[in-house]
Amino acid sequence: MQQKEEIESLLKTCETAKDSVDAFLRSINDFIAVVEELPAVARPLVRRDLESNTGMSADEWKAFLERLGTRYSSIYDAARRVADALAKEGNDVEVAAGTEALKEVSTPLIEGAETAIEELETMASYMEGLPGKINMVPDAFLNAEARDELITSVPGRVERARALKELLEKTKGELSVVT
Amino acid sequence: MVIYVEDSNATISEVLANLQSIFSGVESLGKAVEFGDKVAIPIYQFNFGTGGGGGGGREGRTNNAIGFGLGGTIGPVAVVILSKDTPGAEGIKIHEFKGNKLGEALAELILRLWEMVESQMGKREKLSPEKKEKLMNI
């Protein structure tokens, strides 16, 4: 009974996390689009600033989030199989096989979760400080419209990064219990 | 600029040739900017072009005239960065700007200056390749 509840909880976390990854991925794509529209002088400055402060370029962030989204889908599918096996009470072989498959598919996330959590916090902190930095760029290099666009999109990204970080922590904890 | 002369032909070509050789491709050091323990000195290139021509008055009239013009561009081509704390040649770094577009050159210049400001502010440590690999294989 307890295992059933744990798997159901994991399934819910995976669903929420997949939505969270998608939302964060969309905001990274928006960021890339905003940067593409910046004047030629400001564009490399913003790109380099993100990379040197978060350790990854916008394209690397995109690749990481796409990968994370795929991983969550795989974990969800494996957890769903375990939940189905648990529903057929007494089928221990199927439950054991499903749990083994879940363990296998979760290993990369468990191994990379700590680094990912650190990186997401780094991204959130970077985004928090970004408006101050943007306001330091002289008007000659960044017009008012581009400045406003960059600044107004920041709070959403901070929230999304922190939300995803918390979900990763939760997933890691739940996986360690069920696998 | 128009100069009236009696016989200009020999002098015009000499003047233009001299101006061309004096101004074309001249590189000059800009004003040094200090950032903590570093000093940045931009190098500018002056590209000047000259052109001129002359003509005589109508038959029976003595006045001849010549005219010439001088135009040019100035753009940063490199920045020299001196580290006060690093003695000798190791403390001198020259960053050349690729291409001649002013925008690219300015962007490069700003990036270098920004990096220097960041180094003073204690920039974040670079993400190790192992950690990056973990993230890309998550």
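Chain letters run A, B, ... following the sequence lines, proteins first, then strands; residues in each count from 1. As the structure is a prediction and not an experimental result, all values here were calculated from the model.
Atom NZ of A/K62 has 12 or fewer heavy atoms from other residues, nucleotides or ligands within 6.0 Å. A 6.0 Å sphere centred on CD of A/E36 holds more than 12 heavy atoms belonging to other residues, nucleotides or ligands. More than 12 heavy-atom neighbours from other residues, nucleotides or ligands sit within 6.0 angstrom of CD on A/E66.
Between A/L168 atom CG and B/I138 atom CD1 the span is 6.0 Å, to the nearest 0.5 Å. The line from CG of B/L135 to OG1 of A/T115 is 5.5 Å long, rounded to the nearest 0.5 Å. Distance check, rounded to the nearest 0.5 Å: CG of B/L127 to OG1 of A/T122 gives 8.5 Å.
Two residues are said to be in side-chain contact when any heavy atoms from C-beta on lie closer than 4.5 Å; A/E114 and B/K134 fail this criterion.
Taking a cutoff of 4.0 Å between a charged side-chain nitrogen and a carboxylate oxygen, A/E119 and B/K131 do not qualify as a salt bridge.
Cluster annotation: A/I151 is connected to A/V35 through the hydrophobic network of ILVMFWY side chains, with a link wherever side-chain heavy atoms come within less than 4.5 Å. A/W61 and A/L167 fall into different hydrophobic clusters, where Ile, Leu, Val, Met, Phe, Trp and Tyr are joined by side-chain heavy atoms under 4.5 Å apart, directly or via other members.
When all heavy atoms of B/M136 and A/E60 are compared, the pair lying nearest together is CE-O, 3.3 Å.
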